[in-house]
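Below you'll find the structure, written out as structure tokens, and then a few comments.
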Amino acid sequence: MTLTSLRAAATCLLLAASAAASLPAHAGKTLDGIKARGLVVCGVNTALAGFSVADTGGKWSGLDVDICRAVAAAVLGDGEKVKFVPLSTSQRFTALQSGEIDVLSRNTTFSLARDASMGLHQTAVTYYDGQGVLVLKKSGIKSMKQLKGQTVCLQSGTTTEKNLLDYSKTHNLAIKPAVFEKVEAATAAYFAGRCAGYTTDASGLASVRNKEAKDPSEHVVLPELISKEPLGPMVRRGDDEWFAIVKWVVYGLVEAEEYGVTQASVDRLKTSSTDPVVQRLLGTTEDTGKLLGLDRDWLARAVRTTGNYGEIFERNVGPKSALGLQRGLNNLWNKGGLMYAFPVR
């Protein structure tokens with residue numbers, strides 16, 4: 001083959017690839033099922049204030065809940081078209097693997113084992129957390145080092161026990177874990193004085209202290225975080241289209257915050273913004289939805305339903321919420337945090 005022929009063949013391949021990239025994506029079998037039933041089935045925590053909790057009327061709220069609503073708005077046009085399935089730690093992965101739920105949005109840590117060996121996909125981080133320990137203020141314990149030889153309550157079926165044992169061994173603390181199958185039993189044991197501390201993700205500690213302590217001011221979270229706990233929604237392997245949709249809804253909410261697209265401003269910006277990024281996010285110039293098997297307004301609907309990532313954070317867990325958590329690591333990358341969305345383009 002001559003050099004000219006090689007160049008011509010390469011050009012043809014590039015043109016074919018470009019054409020293929022611009023074609024609408026197939027929706028995928030999970031989205032086909034969702035559209036057929038008219039609901040996204042979302043697995044959430046049974047009750048974790050700030051992340052997923054139902055009120056007396058059965059209305060769910062929380063950061064993880066809002067992620068599910070944003071996904072439903074993007075794919076079905078209505079953030080209320082979600083069936084929430086409360087799951088314990090022992091139930092959550094089986095429910096996703098078996099197809100009982102479409103997405104698991106339940107304060108679940110991303111890890112190598114969960115990504116590589118359970119038939120599941122980790123999508124995008126929605127909360128950067130770390131494991132901490134809750135203690136009584138009057139105990140005088142102000143550091144993990146003061147827990148040497150003490151008993152610490154925790155729930156089984158999570159990464160919590162291994163993290164605690166690793167930290168205890170590294171620092172020669174001989175901490176004694178008191179392991180309970182249900183979180184309610186673990187927290188009850190701590191509040192009954194059976195353990196010097198209770199350990200889980202720091203966000204979970206804030207939730208437990210706010211919800212279950214007779215006087216939250218009597219309990220403090222120790223300053224040390226003993227692990228990395230990146231939390232976010234998970235989906236089943238085998239449906240790349242659905243994996244992409246859930247992942248890009250999260251990224252879209254983060255990028256919307258970065259470019260000032262809010263729940264209140266989304267409709268105005270859709271018609272008035274001259275910012276090329278905002279125009280692309282809201283589908284006024286480019287149709288990114290066709291790459292996901294959705295329509296061009298997918299992200300505008302998600303933001304209109306829940307607000308951007310910053311609004312979701314502030315409403316559910318931020319400084320003015322009942323949990324009173326600072327943005328910290330969950331701030332945008334250009335404000336000192338780790339929230340860095342892949343560009344929606």
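Keep in mind the model is a prediction, meaning the values are calculated, not measured. No hydrogens, no waters, no symmetry mates; every other heavy atom, side chains included, goes into these values.
The closest side-chain donor-acceptor pair between Asp239 and Thr30 falls under 3.5 angstrom. Asn316 and Asp66 are linked by a side-chain donor-acceptor pair at a separation below 3.5 angstrom, with hydrogens and angles left out of the test. No hydrogens or angles considered: nothing links the side chains of Gln279 and Thr284 as a donor-acceptor pair under 3.5 Å. Side-chain polar atoms of Glu224 and Ser143 form a donor-acceptor pair below 3.5 angstrom.
For Arg194, the CZ atom is loosely surrounded, since the number of other residues' heavy atoms within 6.0 Å does not exceed 12. When the shell of 6.0 Å around CZ of Arg237 is examined, it contains more than 12 heavy atoms from other residues, nucleotides or ligands.
The pair Arg301-Asp295 counts as a salt bridge, with a side-chain nitrogen and a carboxylate oxygen less than 4.0 angstrom apart. The pair Glu218-Lys137 fails the salt-bridge criterion, with no side-chain N (NZ, NE, NH1 or NH2) lying under 4.0 Å from an Asp/Glu carboxylate O. Using a 4.0 Å cut-off between charged side-chain N and carboxylate O, Asp267 and Arg304 make a salt bridge. Salt bridge present: Arg37 and Asp102 bring a charged side-chain N and a carboxylate O closer than 4.0 Å.
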Table please: side-chain donor-acceptor pairs of residues 167-179 below 3.5 Å, with sequence neighbours left out.
residue: Ser168; atom: OG; partner: Ala174; partner atom: N; Å: 3.1
residue: Ser168; atom: OG; partner: Ile175; partner atom: N; Å: 2.9
residue: Thr170; atom: OG1; partner: Asp166; partner atom: O; Å: 2.8

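At distances below 3.5 Å, at least one donor-acceptor pair connects side-chain atoms of Thr199 with backbone N or O atoms of Gly132. The main-chain N or O of Gln263 is found under 3.5 Å from a side-chain atom of Glu311 such that the two form a donor-acceptor pair.
Within the structure, every pair that satisfies the salt bridge (Lys or Arg N to Asp or Glu O under 4.0 Å) test and touches residues 249-259, not counting sequence neighbours, is listed here: Glu257-Arg327. Pairs of residues two or more places apart, or lying in two chains, that qualify as salt bridge (Lys or Arg N to Asp or Glu O under 4.0 Å) and include a residue from residues 71-100 are Lys59-Glu80, Arg69-Glu80. Contacts classified as salt bridge (Lys or Arg N to Asp or Glu O under 4.0 Å) and involving residues 199-211 (residues at least two apart or in different chains) are not found.
Ring orientation note: the planes of Tyr198 and Tyr190 are tilted relative to one another, at an angle of 30° to 60°.
Scanning for salt bridge (Lys or Arg N to Asp or Glu O under 4.0 Å) contacts around Arg236 gives an empty result, with sequence neighbours left out. Shown here are the side-chain hydrogen bond (donor to acceptor under 3.5 Å, both in side chains) partners of Thr158, two or more places apart in sequence or in another chain: Thr160.
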Report task. For the pair Asp129 and Ser203, evaluate side chain to side chain donor-acceptor pair (under 3.5 Å) and give the outcome as yes or no after the intermediate values. Result -> CA-CA 7 Å; Asp129 211 343; Ser203 61; 2.4 Å; yes
Report task. Go through Ser217 and Asp215 one step at a time and tell me if the side chain to side chain donor-acceptor pair (under 3.5 Å) criterion holds. Result -> CA-CA 5 Å; Ser217 67; Asp215 182 357; 2.6 Å; yes
Query - Steps toward side chain to side chain contact (heavy atoms under 4.5 Å, CB included) verdict (Val133, Val221) - result: CA-CA 6 Å; Val133 177; Val221 179; over 6 Å; no
**Report entry** Working for side chain to side chain donor-acceptor pair (under 3.5 Å), residues Glu229 and Thr109
**Finding:** CA-CA 5 Å; Glu229 306 294 331; Thr109 300; 2.6 Å; yes
Requested in this report: Check the pair Trp298 / Thr288 against side chain to side chain donor-acceptor pair (under 3.5 Å), numbers first and verdict last.
Outcome: CA-CA 9 Å; Trp298 65 281; Thr288 57; 3.0 Å; yes
Query - From CA spacing to verdict: side chain to side chain contact (heavy atoms under 4.5 Å, CB included), Trp242, Val71 - result: CA-CA 10 Å; Trp242 180 239; Val71 170; 3.6 Å; yes
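Between His219 and Phe191, the gap from one ring centroid to the other is short of 6.0 Å.
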